[in-house]
Protein chains: 2
Amino acid sequence: MNLRDLRYLIAVADHLHFGNAAEACHVSQPTLSGQIRKLEEMLGTTLFERTNKSVQMTPAAEQIVPLARAAVAQADAIVRLAQGWRDPLAGSLRLGVIPTLGPYLMPRILNPLRQRCPALDLVLWEDVTDQLLSRLRRHELDVALIATVPDGDDIDTFLLFEEPFLMVLPEQHALAQETAISDGQLAKADVLVLADGHCLRDQTLSVCHQQSDPRADFRATSLEMLLNMVAAGYGCTLAPALAVAGRAPVPGTIVRPLAPGLAGRTVRLAFRNTFPRRQLVEVMASVVSGLKLP
Amino acid sequence: MNLRDLRYLIAVADHLHFGNAAEACHVSQPTLSGQIRKLEEMLGTTLFERTNKSVQMTPAAEQIVPLARAAVAQADAIVRLAQGWRDPLAGSLRLGVIPTLGPYLMPRILNPLRQRCPALDLVLWEDVTDQLLSRLRRHELDVALIATVPDGDDIDTFLLFEEPFLMVLPEQHALAQETAISDGQLAKADVLVLADGHCLRDQTLSVCHQQSDPRADFRATSLEMLLNMVAAGYGCTLAPALAVAGRAPVPGTIVRPLAPGLAGRTVRLAFRNTFPRRQLVEVMASVVSGLKLP
DNA sequence: TCATATTCATAGGCAGCCCCTATGTATGAT
DNA sequence: ATCATACATAGGGGCTGCCTATGAATATGA
């Protein structure tokens, strides 16, 4: 018995018409008829009752066809699985990234990655961590750039780099005189934070030893918006280094480092531990780790 | 890709040795080596890391081999399942039977048939002739016991036996004095008949040379009901021999034969002329024909 | 160090099977 | 009655899987 025979069997079961089934299988009708007959002889059972005008499945075929579908599906799964092992650096890769990282990191990644993996077709998706992880688990994303350690052992991560937090202040702010912000000053600062769902929100509140957003009447869904609110004098905030270092500060704001080793976040590359193209993930991680970051 | 290739893959994975695996597959070692190489090229992935002294599975093969095992297992299941359908006398058979025959014939058939075809799984369906034939044509039944000759040449029949009609009378009925009922007496009898759709209704009316039910205010959908109406004195009726011979008559009724050779019906086993298990139909027919019927 | 054994890879010839086109047969529709 | 449709049959051609014989590389033992 041959997988091809099973595909023919399934086609006839689906079409109940030899000519149409043959067309679907890209063979001639006599070829398909002959192979079905051969399969019937091999199995010792009639699979289809055929007249010149109708083709009907026998009870035996009713039982056999589902098994044939399963066998063919397994074989197809093998091919698809092998596809992932062909050239791990080629093909489509769906990359998720959190909003507080994407706009600042991706411009630095894309060119080196293009050089390292010219055949890679990158599809970007920006969303908050929980959404990215859900999509990872639903196979709607392949890898994700996040700044937390995911729950569950179905997701593995590679550590990419540590990113310190910097304090962003209005020019006239009292702390603007300091060269570095201390832990005690953080606890008393009037910090603004992002909307719910952003990991940076939770991390900022944690670093500042504060429980909830002191300015709940504002809702900022992007880091740029938050920086503009700082510039307008509504308060200060913490920003990850990539977002504010290596570029002109938002007019009206001043950036100050925290006291050495005080706070930051760890950027990781997350992926299903069953993801077949692990080598590609390793290459991506090495590309990002090899960047000269400010 | 071929199921055979997958069997080769599994064999090498099991033995981690090409020579032994080839022996297990009953092929030569070069044949197996070549097929594995071909499979690797088709999948675009190396499946085994081989040196002259050791064979090791690659991560790709670690993932693929379980799927290959599943596919092969499905294929083997198909062969085993088909094995169960090889014997035409085994498996499921959907048998339709008309209501004026089933309750009286089936008890006599089931045991001999069970002896002749122990592995046969009989599914019974009782309905009037037209419904049985429709279901036969729709492949919802395989064979049917009927008492008419079906229209159309897509249905073949085996003649099983002739079943005479007997007159069933109320005890006090005038004809109860006769030893046999003549044609002229039939034409004048106050016969009760079954509801529309039963072949026995049409046959009774025909035998009695009557056009329509003289007692249309009654509607009997079962022969037993009809006999009870006779017992209650509403009239007489014709019943097939199996329904009234060889058992105690319904209290209050008397059974009289018709004049020799006057009327009866022919019981046949009907089936699609394309039905593949014709041998089973022949066996069933021979079992019924071999019965000692009253 | 050299010979031997083991193991997988390669080469070339042969046979079987799958696929094709052309044709046949039966049935239903116009 | 003719045409259209659908499945079956016949015969030839090409691909491919299988075999035997041989090669190449490595481990073992004298």
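All chains are named by letter (A, B, ...) in the order of the sequence lines, taking the proteins before the strands, and each is independently numbered beginning at 1.
Between D:dA6 and A:Arg50, no contact under 4.0 Å exists linking OP1 or OP2 to a side-chain N or O. Checking the phosphate oxygens (OP1, OP2) of C:dC19, a side-chain nitrogen or oxygen of A:Arg4 falls inside 4.0 Å. Look at B:Thr31 and you'll find a side-chain N or O under 4.0 angstrom from OP1 or OP2 of D:dC19. In this model, the phosphate group of D:dC7 is not approached by any side-chain N or O of A:Ser33 to a distance below 4.0 Å at OP1 or OP2.
Between the C1' atom of D:dT20 and the CG atom of B:Leu32 lies a distance of 16 Å, rounded to the nearest Å. A straight line from CZ of A:Phe18 to C1' of C:dA26 spans 16 Å, rounded to a whole angstrom. Atom CG of B:Asn2 is separated from atom P of D:dC15 by 18 Å (rounded to the nearest Å). Rounded to whole Å, the distance from CG on B:Asn20 to P on C:dT6 is 12 Å. Put simply, CD on B:Glu23 is 13 Å from P on C:dC8, counting in whole angstrom units. When the P atom of C:dC18 is taken as reference, atom CG of A:Leu6 falls 13 Å away, rounded to whole Å. Taking atom CD of residue A:Gln56 and atom P of nucleotide D:dC7, one finds them 12 Å apart after rounding to whole Å. Here D:dC18 presents its P atom at 13 Å from CZ of B:Arg7, a figure rounded to the nearest Å.
Heavy atoms of B:Tyr8 sit under 4.0 angstrom from primed sugar atoms or phosphate atoms, though from no base atom.
Between B:Phe271 and B:Phe158, the ring-plane angle classifies as tilted under the 30° and 60° cut-offs.
Contacts with DNA chain C (heavy atom under 4.0 Å) in residues 34-46 of chain A: A:Gln35, A:Lys38, listed by number.
When all heavy atoms of B:Asp142 and B:Ser92 are compared, the closest pair comes out as OD2-O, 4.2 Å. Of all heavy-atom pairs between A:Leu93 and A:Met284, the closest is CD2-SD, 3.3 Å.
Remark: the A:Gln29 side chain and the D:dA8 base include a donor-acceptor N/O pair separated by less than 3.5 Å.
The CZ atom of A:Arg4 lies 12.0 Å from the CG atom of A:Leu39; values are rounded to the nearest 0.5 Å. Rounding to the nearest 0.5 Å places CZ of B:Arg201 at 13.0 Å from OG of B:Ser206. Note that CG of B:Leu113 and CG of B:Leu291 are 9.5 Å apart. Values are rounded to the nearest 0.5 Å. A distance of 12.0 Å separates CD1 of A:Ile10 from NE2 of A:His15, quoted to the nearest 0.5 Å.
Residue B:His17 places its side chain closer to C:dC8 than to any other of C:dC18, C:dC8, D:dA10. Here the side chain of A:Val55 is nearest to one of D:dC18, D:dT9, D:dC7, namely D:dC7.
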